[in-house]
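Below you'll find the structure, written out as structure tokens, and then a few comments.
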Amino acid sequence: MYIYKAAVIGAGTMGAGIAQVITYSGLPVILRDVTQEAVDKGLATVRKIYQGRVDKGKMTATELEQKMALVSGATDDTGFSDVDIVIEAIYEDLEAKQKLFQTLEKVCPEGCIFASNTSSLPISAIASATQKPEKVIGMHFFNPAPVMKLVEVVPGLGTSEETIDDIVLFSESLRKIPIRVQECAGFLVNRLLMPYLNEAAIALQEGAASAKEIDAALVKLGMPMGPLTLFDMVGIDVSVKVADILHDAYGTRATAARILRELDQADRHGLKNGAGFYDYADEKKGDLESLIQKIQAEGAKKTEFSSNRIIMPMINEAVISLQEGVASAKDIDIAMMAGTGFPQDKGGPLHYADQIGLDVVLSELESLCEKLGDRFWPAPMLKRMVQGGYLGKKSGKGFFQY
Ligand code: 3HC
């Protein structure tokens, strides 16, 4: 099915970013939210993204206006009778997403695809409330949507192959890299990213290093930004929700760092409201240090910092995901590079593990497990590979052949 017109529901950072991506490819899009104020804010965000390109000389002011003419704001169902795809990017609430698709099914054409940009809610559960689960699918963009190349394509239990193919082609037409991922909590990228981000937060609350030191160490390793800066960009409120969904699915290894909840309760939601792990506005909202002290006074033990402590949980979760068949080794690596900027020269977490040596990764995880707890428990597949002589590059075979 060719997509001629799209609608994006939710005009926040992600919704507006997705609308920009769609108009950039030349397609018309409706950007809908509940209030006119929210819609106007979303349209202003789209304009700002284009203005950035004009300022850099990558686009003319006339081209900007041509692109802006492709996006129309809405607070109701006007214009939905001929949309081919609806992408929802509203807040993470299962019932709200179910109700939204139920209502839109009544006004959208018969063949319309209902895609969810949910970070981690189950697509099958969203689809279960609709008349046509075969038309419901996860289409997960990454922040900032105009820049990050990845789209996770997540079929639910009832999604048809035709809908999957349509979303793969549509994502390619948006100049994105679609990777098909098996439905599971956090899908692929958030499932791997969160243990890494969370460990950085745990290291901080345990006084292992300062926020700046932690971020600097990971940037030195080649990550495009430090994990705590990334938390602030994604949003602490969003991250707490994702972390809770992961904990619910994967148990104690995914327990959210206490500091995340403290920041959330202190209304420090990250870049978007002026404060998170860092301060971005003149007006202060308490301070990070007192939250850390509170956690330490209540018993958090002092621990040591190392970059391995932060990166190993990502590698381990990559192996667990591979072992579960969430995606192939190649797709896992592509997804992490395209969705999070994992350094290209390391080739993704599994190529990186092969470079380090799987025996070294295993022994590092075992040592972290002993020092810091069971959340570092090595993936069974990793042990099996080491026992079988699959040590990575040095033995000519690991997750990949050399
Ligand atoms: N909107 C639009 N464009 C943006 C942007 C934004 N918010 N931020 C940066 N850009 C553009 C810049 O204009 C620039 O464009 P150009 O190449 O045409 O000049 C380009 O991106 C590079 O930007 P900068 O040079 O300013 O900055 P960096 O090179 O440091 O890159 C970054 C910024 C792309 C954000 C990089 O730091 C990065 O990749 N960070 C990791 C982001 C990440 O991990 N995202 C995933 C988060 S998880 C998620 O979203 C899932 C959700 O479910 C929670």
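Order of listing sets the numbers, starting from 1, for every ligand and every atom in it. Computed over heavy atoms, backbone and side chain alike; hydrogens, waters and symmetry mates excluded.
Proximity annotation for atom 11 (C) of ligand 1: of V242, V147, N190, T340, V147 comes nearest, heavy atoms only. Which of V234, T229, L197, V219 comes nearest to atom 47 (C) of ligand 1 through a heavy atom is settled by distance: it is V234. Atom 49 (C) of ligand 1 has its nearest heavy-atom neighbour, among F142, F141, Y50, in F142.
A salt bridge does not link E304 to K371: none of the charged side-chain nitrogens sits closer than 4.0 Å to a carboxylate oxygen.
Atoms of ligand 1 found under 4.0 Å from any heavy atom of G339 (numbered from 1 in listed order, with element): 43 (C), 44 (O), 45 (N), 46 (C). Residue contact check: P224 has heavy atoms under 4.0 Å from atoms 36 (C), 37 (O), 38 (C), 39 (O), 40 (N), 41 (C) of ligand 1. Every atom of ligand 1 is numbered from 1 in the order shown, and the set under 4.0 Å from a heavy atom of K58 is 16 (P), 17 (O), 18 (O), 19 (O). The P144 neighbourhood of ligand 1 comprises atoms 1 (N), 5 (C), 6 (C), 7 (N), 8 (N), 35 (C), with distances under 4.0 Å to a heavy atom of that residue. Less than 4.0 angstrom separates some heavy atom of L193 from each of these atoms of ligand 1: 48 (S).
With no hydrogens or angles considered, a side-chain donor-acceptor pair links D215 and T229 at under 3.5 Å. Side-chain atoms of D76 and T78 form a donor-acceptor pair, as typed in the model, at a separation below 3.5 Å.
Counting heavy atoms under 4.0 Å from ligand 1, residue V189 does not touch it at all.
In this structure, L362 CG and R384 CZ are separated by 14.0 Å, a value rounded to the nearest 0.5 Å.
Remark: the backbone N or O of D267 is paired with a side-chain donor or acceptor of N273 at under 3.5 angstrom. Between the side chain of K67 and the backbone N or O of R47 there is no donor-acceptor pair closer than 3.5 Å.
The shortest separation from a heavy atom of R53 to ligand 1 is under 4.0 Å, placing the residue in contact. A heavy-atom separation below 4.0 Å is not found between Q20 and ligand 1.
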